[in-house]
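This report refers to the structure that appears directly beneath it.
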Protein chains: 2
Amino acid sequence: MADENISDLIEHYLKEILAENEQVKIRRSEIAGLFDVVPSQINYVINTRFTIQNGYIVESKRGGGGYIRIEKVHLLDDIDVLNSLIAAIGNKLSKRDSETIVQTLYNNELINRREVSIILAAIDKDAIDLNNSDLTDIMRANIMVSILNRLRYER
Amino acid sequence: MADENISDLIEHYLKEILAENEQVKIRRSEIAGLFDVVPSQINYVINTRFTIQNGYIVESKRGGGGYIRIEKVHLLDDIDVLNSLIAAIGNKLSKRDSETIVQTLYNNELINRREVSIILAAIDKDAIDLNNSDLTDIMRANIMVSILNRLRYER
DNA sequence: AATTCTTTGACTAATATTGACTATTATTAT
DNA sequence: ATAATAATAGTCAATATTAGTCAAAGAATT
């Protein structure tokens, strides 16, 4: 414990607050000053230790009164389906495969009819078309993975 | 909450009034005086927080007896507003504006919290990023319009 | 020795604040 | 009526105040 690096210390400091609060809102330079590190190290700590995989959502604002807010979210218990879908997608996704995935989500009662509709609109061919079918498939994969990741937790 | 910037404070002040009234009519210099800022900051607050994307329309008059009036619009009552929203998006949409629009959809009960989450995931910067911020904004606009059009038939 | 993780800082991006200048409308004086 | 003046709001660019990115250097681990 005594040989922790500073990033670990900052991590623990924030997690102590999060043990008693749903979220923590900081001013980046303040925390940096508290631990005597450059401000960008706070970003490093956040990017390596407060990811969505760990159950944290981070949001921030620049400018006067700017802040970084870290929120703890509850990861759903049964996310095997989501994990395997994400793993299966890779970096390209055809229209046909995307429809299969949406159907799977619906069959597993992970999404309802309205949500099916919204997701299909988001990955609609005309919406994400780029005159380049490879790029379109990449875009479709990215969007789908982003949505699947979002479905893994509830706020 | 105590460390908000002044623009946020002015925004909340006006929205508190709007919570109980359909509209609020102010004298710019009065509000500026109340918060001890230059008058043009009131324009900044209005331009960034009371746009049609936010679900407000603003009208004003100069000269003696001049005023600024902010009025809430209701997406549900008025399908035209959905059209003007789509028109306002045009062919490019920033991350900030997109978040504003999604929030407005939620405020107007056109979508629920989960749907907010899904839509934000679909237009997330990292999801649709192409190492070209112009293209990202175009993509975000396309996806958003596609979803808005879908919502038209989904309620 | 190689690899991975941490630390640093220069540069970039986003947002807020300010004030000089402009535009519009109302009121007063001629 | 018309012109001058007063009383408003609008625009825009400069500056201030934050946070984000990225790559290089250093430290720790394998």
Side-chain angles (χ1 to χ4, degrees), chain A residues 1-14 24-51 54 56-71, chain B residues 2-14 24-51 53-54 56-71 92-100 103 124-126 129-134 136-137 140:
Chain A
M1 266 305 205
D3 58 347
E4 282 174 325
N5 59 46
I6 301 183
S7 289
D8 288 339
L9 291 179
I10 297 170
E11 172 190 0
H12 292 145
Y13 172 81
L14 294 173
V24 53
K25 185 174 174 183
I26 62 171
R27 172 152 309 176
R28 188 177 73 154
S29 57
E30 260 180 27
I31 304 298
L34 196 57
F35 289 92
D36 197 28
V37 297
V38 296
S40 63
Q41 181 151 3
I42 307 306
N43 296 90
Y44 173 74
V45 172
I46 285 172
N47 291 332
T48 54
R49 291 149 164 90
F50 292 90
T51 64
N54 291 315
Y56 298 96
I57 292 179
V58 179
E59 122 190 321
S60 64
K61 197 164 84 161
R62 307 185 193 187
Y67 58 82
I68 300 175
R69 176 163 44 220
I70 306 173
E71 186 184 354
Chain B
D3 54 352
E4 282 170 325
N5 59 49
I6 299 181
S7 289
D8 286 342
L9 293 178
I10 297 170
E11 171 191 359
H12 292 146
Y13 172 81
L14 295 172
V24 53
K25 186 174 174 183
I26 62 171
R27 170 154 311 176
R28 187 178 74 153
S29 57
E30 259 180 27
I31 304 297
L34 194 57
F35 289 91
D36 196 27
V37 297
V38 296
S40 62
Q41 181 151 4
I42 307 306
N43 297 89
Y44 174 74
V45 171
I46 286 173
N47 291 332
T48 54
R49 291 150 166 88
F50 293 92
T51 64
Q53 287 95 334
N54 281 289
Y56 299 94
I57 54 180
V58 177
E59 116 190 328
S60 64
K61 199 167 78 164
R62 307 186 192 189
Y67 59 83
I68 300 175
R69 177 165 44 219
I70 305 172
E71 192 182 342
K92 286 169 65 175
L93 182 63
S94 72
K95 175 176 160 64
R96 179 182 176 146
D97 282 349
S98 69
E99 284 166 354
T100 298
Q103 181 66 45
D124 182 76
K125 176 184 168 302
D126 294 330
D129 189 28
L130 292 164
N131 289 329
N132 178 329
S133 67
D134 258 14
T136 300
D137 284 358
R140 189 181 286 113

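The sequence lines fix the lettering, A, B, ..., with proteins before strands; numbering per chain opens at 1.
Nucleic acid contact class of A:G66 (heavy atoms, under 4.0 Å, all strands): sugar-phosphate only. Residue B:Y67 is in sugar-phosphate contact alone, with no base atom involved, counting any heavy-atom pair closer than 4.0 Å across all strands shown. Using a 4.0 Å heavy-atom cutoff across all strands shown, A:I6 reaches sugar-phosphate atoms only and no base atom.
Between the side chains of A:T51 and A:N54, at least one donor N or O sits under 3.5 Å from an acceptor N or O.
Not counting sequence neighbours, the partners of A:F35 by the ring pair (Phe, Tyr, Trp, His ring centres under 6.0 Å) test are A:Y13. Applying the salt bridge (charged side-chain N to carboxylate O under 4.0 Å, His left out) rule to B:K95 yields the partners B:E99; only residues at least two apart in sequence or on another chain are considered.
At least one side-chain nitrogen or oxygen of A:R49 sits closer than 4.0 Å to the OP1 or OP2 atom of C:dT6.
Taking the nucleotide of DNA chain C with the nearest heavy atom to each of B:R96 and B:K61, the more 5' of the two is matched to B:R96. Residue A:G63 is the one, among B:K125 and A:G63, whose nearest nucleotide of DNA chain D lies closer to the 5' end (criterion: closest heavy atom).
With distances taken from any side-chain atom of B:Q41 to the nucleotides D:dA9, C:dT7, C:dT18, the minimum falls on C:dT18. If you check D:dT18, C:dA16, C:dT7 against the side chain of A:R27, the one that comes closest is D:dT18. Minimum atom distance to the side chain of B:S29 is reached by D:dA9, of the listed C:dT7, D:dG20, D:dA9. For A:S7, counting side-chain heavy atoms from C-beta on, the closest listed nucleotide (C:dG9, C:dT7, D:dA19) is C:dT7. Of the candidate nucleotides D:dT21, D:dG10, C:dA16, D:dT21 has the atom lying nearest to any side-chain atom of A:R28.
Evaluated for a side-chain contact (heavy atoms from CB on, under 4.5 Å) with A:L14, the options A:I26, A:I68, A:I42 yield exactly one hit, A:I26.
Side-chain to base pairing of B:R62 with D:dG10: no donor and acceptor N or O lie closer than 3.5 Å to each other. With hydrogens and angles ignored, a donor-acceptor pair under 3.5 angstrom links the side chain of B:S40 to the base of C:dG19.
Distance NZ (B:K95) to C1' (D:dG20): 12 Å, rounded to an integer number of Å. Between the P atom of D:dT11 and the CD1 atom of B:I46 lies a distance of 11 Å, rounded to the nearest Å. Atom CG in B:N43 sits roughly 18 Å away from atom P in C:dC21 (whole-Å rounding). We find that CG of A:N47 is positioned 17 Å from P of C:dT8, with the value rounded to whole Å. Separating the CG atom of B:N5 from the P atom of D:dA19 is a distance of 12 Å, rounded to the nearest angstrom. Atom OH of B:Y44 and atom C1' of C:dT15 are 5 Å apart (whole Å). For A:D8 and D:dT29, the CG to C1' distance is 14 Å, given to the nearest whole Å.
Across every non-hydrogen atom of B:Q41 and B:I6, the tightest pair is NE2-CB, 4.3 Å.
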